[in-house]
Amino acid sequence: METESEPYVRLASLRQLHQVMADMNTARSLADTLQTVADGVITALGYEMACVNLVRPDGDLVVAAFSGNSAAEALITGRVGSRDSWDRRLGMGEKWGDLVFIPHTEGWVLDDDDVPQWYTDGPAPRFEDEWHPSDRLFAPMYTPGISGSSCGELLGVISVDRPRNGRHPGAWGREALQMYAFQAAIAISNARLRANMQRALVRLEREQQALRASEESFRQAFEYAPSGMAIAEMGGDQHGRILRSNDALCRLLGRPASAMRRYSFSDLVHPEDIGTLLRTSAEGGRAELRLGRRDGTYVWVSLRNSVVADAADGPRFLLTHVEDIEERKRRELQLAHRASHDALTGLPNSAELRSRLTSRLCRRSGSGAELESLDAAYGHPAYDVNGHGFDFAGGTGGSTASYDGFDHHVHTVAPDANRDDGAKGLAVLFCDLDGFKSINDRFGHNAGDAVLIEVARRLSRGVRDGDTVARLGGDEFVILADGLGQADAQDLAVRLRNEIIQPIRAEGRAVRVGASFGIGWAHCGMTADEVLKSADERMYVEKRSRPKAHRRAG
């Protein structure tokens with residue numbers, strides 16, 4: 001094409017140009033595309049050298065491809081020209097459509113800017129349209145779909161030098177170079193898109209590999225964790241339904257994995273712990289509760305939930321860690337039992353006795369007029385022996401109306417000793433053993449301990465379920481029995497005394513002890529110590545009223 005006059009462009013030249021453009025769009029990578037663009041200027045458009053300057057992300061242009069002169073290619077490939085210098089070049093010279101031609105008469109002002117450039121030798125032109133060695137021709141490339149430099153975003157610039165025919169390109173040559181630059185911009189944009197897609201695919205594949213590795217690590221950690229693990233649904237009708245459980249949890253509960261999927265945690269939890277479970281699941285926290293085994297027993301576990309959320313749909317499921325704490329709970333219960341029970345007899349100790357008694361009583365106080373009003377209304381004193389005010393109502397069983405805002409407290413009432421009205425209350429029986437010291441002195445403390453253990457057993461056997469038998473200390477015991485009348489309490493004391501005076505086997509011999517009982521009555525307004533003191537005083541009255549010889553049978 002370069003040897004022909006433009007009106008007579010051969011069909012072969014057009015085919016060659018078409019082939020070059022096809023090659024640009026089939027290049028494998030961005031680098032191949034850029035080099036194909038540079039090479040196509042030489043092979044199809046008839047220029048001796050071509051350079052592709054590509055806009056970088058920072059706006060400057062880098063020499064990305066060069067063709068036609070290996071020395072010049074080695075000199076300037078990879079070098080960068082500032083965007084300001086390029087804007088200056090593209091804003092001067094002659095405008096041939098989108099092309100910019102800077103003749104040698106103006107180009108000298110560009111010799112000292114920072115745009116990488118090369119110089120070709122040659123004679124001075126003899127004709128007006130002959131190419132001068134210092135002439136410059138630029139073909140800007142704009143983003144696809146936008147035509148014209150005033151509207152599009154600059155993608156790069158193709159620089160060409162010295163047409164092979166030695167003349168300035170005519171109308172067809174200019175149109176061909178401009179069309180070529182337009183197609184090159186499309187090819188470069190597509191190559192960039194492919195490169196970005198390939199990088200995205202590589203990144204996605206790496207992320208998928210990492211995800212698969214992470215999922216495998218999770219599966220390994222989940223399946224082979226030494227403690228129980230489960231995945232459960234969160235929200236909706238199936239909230240808490242177990243989707244997956246590991247071997248450790250299946251072993252802990254004695255249930256196969258296939259059976260576990262039929263349950264939710266609410267199906268497995270102890271009925272008393274269901275509220276704790278629901279609060280823990282909703283909050284994604286931790287709790288200690290009991291889960292049911294296949295054999296019907298329950299095991300204490302520490303249950304810790306983590307809410308696994310989906311960024312789009314919100315919380316999706318719970319990852320539950322279940323740790324067996326049965327042994328720790330057993331130790332805690334043992335420690336709590338030791339703190340509240342007598343080590344020798346196993347009965348509740350003094351602190352536990354006072355706690356149980358205090359939980360039944362409320363301290364009341366009021367003005368004289370209020371107490372007198374209560375006294376008149378219920379026929380009972382509205383104060384105790386120490387002048388502490390309290391309120392109560394008459395009737396049986398200790399059920400009373402509330403007073404002064406205590407709407408949910410059932411007041412404890414003492415039966416009236418002066419009349420048999422069938423009233424029942426909380427009896428406090430204070431028991432002191434008679435003759436116990438002599439057993440310790442004669443037979444030793446081991447025998448004394450055996451006696452105390454047996455007395456505790458007999459007292460516990462002689463009361464109802466729900467009554468309290470406690471060891472206050474030494475040879476003193478206290479029984480709390482609710483819902484008794486005056487006669488009932490007396491009968492209970494007689495029965496228990498008759499049990500105690502039976503022979504006791506201690507250190508290989510039969511010994512006997514007696515027992516003195518004092519019956520006190522608990523009612524609101526008293527403290528636990530006041531109740532115990534009242535029963536203790538009555539016990540001493542009863543002890544002194546009996547002849548010493550009859551205090552111990554045998």
Under 3.5 Å donor-acceptor, [X] side chain and [Y] backbone:
| X | Y | value |
| --- | --- | --- |
| R497 | A515 | yes |
| S355 | A351 | no |
| R505 | G508 | yes |
| R471 | G474 | yes |
| D247 | Y224 | no |
| E499 | R495 | no |
| D342 | P348 | no |

When rounded to the nearest 0.5 angstrom, what distance separates [atom1] in [X] from [atom2] in [Y]?
| X | Y | atom1 | atom2 | value |
| --- | --- | --- | --- | --- |
| S306 | R286 | OG | CZ | 9.5 Å |
| E216 | L211 | CD | CG | 12.0 Å |
| E223 | S245 | CD | OG | 8.5 Å |
| L155 | L54 | CG | CG | 6.0 Å |
| T468 | L429 | OG1 | CG | 12.0 Å |
| L249 | M229 | CG | CE | 10.0 Å |

Would you call [X] and [Y] a salt bridge, using N to O less than 4.0 angstrom?
| X | Y | value |
| --- | --- | --- |
| D295 | R293 | no |
| E326 | K329 | no |
| R328 | E288 | yes |
| R290 | E272 | yes |
| D441 | K437 | yes |
| E352 | R356 | yes |
| E454 | R457 | yes |

[Y] side chain reached by [X] side chain, heavy atoms, under 4.5 Å:
| X | Y | answer |
| --- | --- | --- |
| P256 | R294 | yes |
| L318 | V307 | yes |
| L289 | I274 | no |
| V511 | R442 | no |
| V428 | L480 | yes |
| F430 | L472 | yes |
| L492 | D488 | no |
| T33 | R192 | no |

Evaluate the side chain to side chain contact (heavy atoms under 4.5 Å, CB included) criterion for residues I231 and F222: first the C-alpha distance (whole Å), next the side-chain angles of each, then the deciding distance (0.1 Å), finally the verdict.
CA-CA 10 Å; I231 296 175; F222 182 91; 3.9 Å; yes

Let me see the working for R262 and R255 under side chain to side chain contact (heavy atoms under 4.5 Å, CB included), right down to the final yes or no.
CA-CA 11 Å; R262 297 197 296 266; R255 303 175 188 270; over 6 Å; no

Please check if any side-chain donor atom of [X] sits under 3.5 Å from a side-chain acceptor atom of [Y], or the reverse.
| X | Y | answer |
| --- | --- | --- |
| S264 | D267 | yes |
| D32 | S29 | yes |
| Q209 | E205 | yes |
| D434 | S516 | yes |

For R538, I'd like to know if atom CZ has over 12 heavy atoms of other residues, nucleotides or ligands within 6.0 Å.
no

Closest non-hydrogen atom pair between [X] and [Y], with its separation:
| X | Y | value |
| --- | --- | --- |
| G435 | S438 | O-OG, 2.8 Å |
| W521 | G485 | CH2-O, 3.4 Å |
| A450 | A506 | CB-CB, 4.0 Å |
| A230 | F265 | CB-CZ, 3.8 Å |
| S460 | L347 | OG-CD2, 3.4 Å |
| N440 | G448 | OD1-CA, 3.3 Å |

From the list R360, K424, R464, salt bridge (charged side-chain N to carboxylate O under 4.0 Å, His left out) partner of D482 resolves to R360

Please evaluate residues L532 and L353 with respect to the criterion side chain to side chain contact (heavy atoms under 4.5 Å, CB included), reporting the C-alpha separation (whole Å), side-chain torsions for both, the decisive distance (0.1 Å), and the verdict.
CA-CA 10 Å; L532 294 174; L353 170 67; 4.0 Å; yes

Please test D536 against D432 for side chain to side chain contact (heavy atoms under 4.5 Å, CB included), starting from the C-alpha separation and ending with a verdict.
CA-CA 9 Å; D536 185 29; D432 181 77; over 6 Å; no

Candidate pair K533 and E530, rule salt bridge (charged side-chain N to carboxylate O under 4.0 Å, His left out), full reasoning:
CA-CA 5 Å; K533 180 180 179 183; E530 288 169 349; over 6 Å; no

